[in-house]
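As structure tokens, the structure follows; a few thoughts come after it.
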Number of protein chains: 2
Amino acid sequence: MLYQVKDLAKLCKVPPDTVRHYTRIGLLKPERDPENGYFQYHISDSRRLEFIKKAKSLGFSLKEIEHILTESRKGKSPCPMVREIISQRIQENRVHLEQLMELQLRMEHALASWEKMPDGAPNGEHICHLIESAGNS
Amino acid sequence: MLYQVKDLAKLCKVPPDTVRHYTRIGLLKPERDPENGYFQYHISDSRRLEFIKKAKSLGFSLKEIEHILTESRKGKSPCPMVREIISQRIQENRVHLEQLMELQLRMEHALASWEKMPDGAPNGEHICHLIESAGNS
DNA sequence: GCTTGACCTGTGAGCGGCTCATAGGTTTAA
DNA sequence: TTAAACCTATGAGCCGCTCACAGGTCAAGC
């Protein structure tokens, strides 16, 4: 049983371009159909792709996933690395979340403070008085 | 008074590579020193760069900032556009925040559930049993 | 004047994870 | 059998830097 790009994509519910992307960067390694040069995927590729999806949903990067897959194929346990990566990712994401929440506050405050301000034509002094006034009150 | 890249960078407290980047994409448009081909910035470029920093801190993309600057230079008021963009960005960021908070929960739940699981050597059935087990309990 | 070294320069390429554009091949229906 | 619909692989583009690189500039020391 061999699958074309669109078949594997449909099977795993990802866009075909994602299958192509993973193939291009070596996360999937299909053979080629000698007749037309198309990629040929096996059922094992769908298990691999499902693993990639799961790992991605846990915040692993594609490069990290490739590393996990490589170690695993070499018979080494990727588990310690996996624990380490996710611990760090949790920290990083906490920082990222804080930054985005601050951004959200800045944007909301700005929009609110602009509520009663007129639209101004630009002049030599100001480019956009709304933006330039933000956060100064 | 003319500034080199590093001078403008220091004046506005941004990395020199950021000045170069903005120059490359046309957000800053310095002349060239005919002697050595270096970029020459005026004091007006520092006002422009400060505006870019402020707009960026409010979530505007560099392309949007360029658009604002262009409209403003043409004498049109960018204010309506500015209000529109930030309203949309607030919505987008809300969605983004929710997704990141969900990711954070998934990661924390996974790490907690792995607490009592052993590191497993890979076999034909599993690539990494930690990842594969996540979210199934 | 000369050299050494630190520091600076512009430019090309790379990052991540897709996504789109393109030119061409395959399949399906009439 | 021809037309249209759909699929293919591949190159380039997205964003906002950041790094690598080869070469230029400049001040200190002899």
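First the proteins, then the strands, lettered A, B, ... as listed; each starts at 1.
- Sorted by first and then second residue, the side-chain hydrogen bond (donor to acceptor under 3.5 Å, both in side chains) pairs involving residues 5-28 of chain B (not counting sequence neighbours) are B/D17-B/R20, B/T23-B/Y41.
- Residue-environment remark: CD (A/E31) stays at or below the threshold of 12 foreign heavy atoms within 6.0 Å.
- Contacts of residues 56-66 of chain A with DNA chain C (heavy atom under 4.0 Å): A/K56, A/S61, A/L62, A/K63.
- Using a 4.0 Å cut-off between charged side-chain N and carboxylate O, B/K29 and B/D45 make no salt bridge.
- Comment: B/K63 does not engage B/E66 in a salt bridge, judged by the lack of any side-chain N to carboxylate O separation of less than 4.0 angstrom.
- Between B/L130 and A/C79, the shortest heavy-atom contact is CD1-CB, 3.6 Å.
- Sorted by residue number, the list of members of residues 86-111 of chain B with any non-hydrogen atom under 4.0 Å from DNA chain D is empty.
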Worksheet item: Taking it one step at a time, do B/F39 and B/Q4 satisfy side chain to side chain contact (heavy atoms under 4.5 Å, CB included)?
Response: CA-CA 6 Å; B/F39 295 116; B/Q4 287 192 342; over 6 Å; no
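- Taken residue by residue, residues 14-27 of chain B places heavy atoms nearer than 4.0 Å to DNA chain C at B/R20, B/R24.
- Near DNA chain D, meaning a heavy atom under 4.0 Å from it, residues 30-55 of chain A has A/R32, A/G37, A/Y38, A/F39 in order of number.
- Rounded to an integer number of Å, the gap from B/K6 NZ to D/dG24 P is 18 Å.
- Screening B/I65, B/I52, B/V82 against A/I131 for a side chain to side chain contact (heavy atoms under 4.5 Å, CB included) leaves a single residue, B/V82.
- The pair B/R47-A/E132 fails the salt-bridge criterion, with no side-chain N (NZ, NE, NH1 or NH2) lying under 4.0 Å from an Asp/Glu carboxylate O.
- Chain A approaches DNA chain C within less than 4.0 angstrom (heavy atoms of the protein), and the contacting nucleotides run 5' to 3' from C/dG16 to C/dT26.
- The 12-atom threshold is not exceeded at CD of A/Q88, counting heavy atoms of other residues, nucleotides or ligands nearer than 6.0 Å.
- One finds a salt bridge joining B/R89 and B/E64 here, because a Lys/Arg side-chain nitrogen approaches an Asp/Glu carboxylate oxygen to under 4.0 Å.
- Put simply, CD1 on A/I68 and CZ on A/F51 are 5.0 Å apart, with the number rounded to the nearest 0.5 Å.
- Across all non-hydrogen atoms, the minimal contact from A/C128 to B/P78 is CB-CG, 3.9 Å.
- Note that the CD1 atom of B/I90 and the CG atom of A/L103 stand 9.0 Å from one another [nearest 0.5 Å].
- Across every non-hydrogen atom of A/R83 and B/M117, the tightest pair is NH2-O, 2.8 Å.
- Within 6.0 Å of CZ in B/R73 there are 12 or fewer heavy atoms belonging to other residues, nucleotides or ligands.
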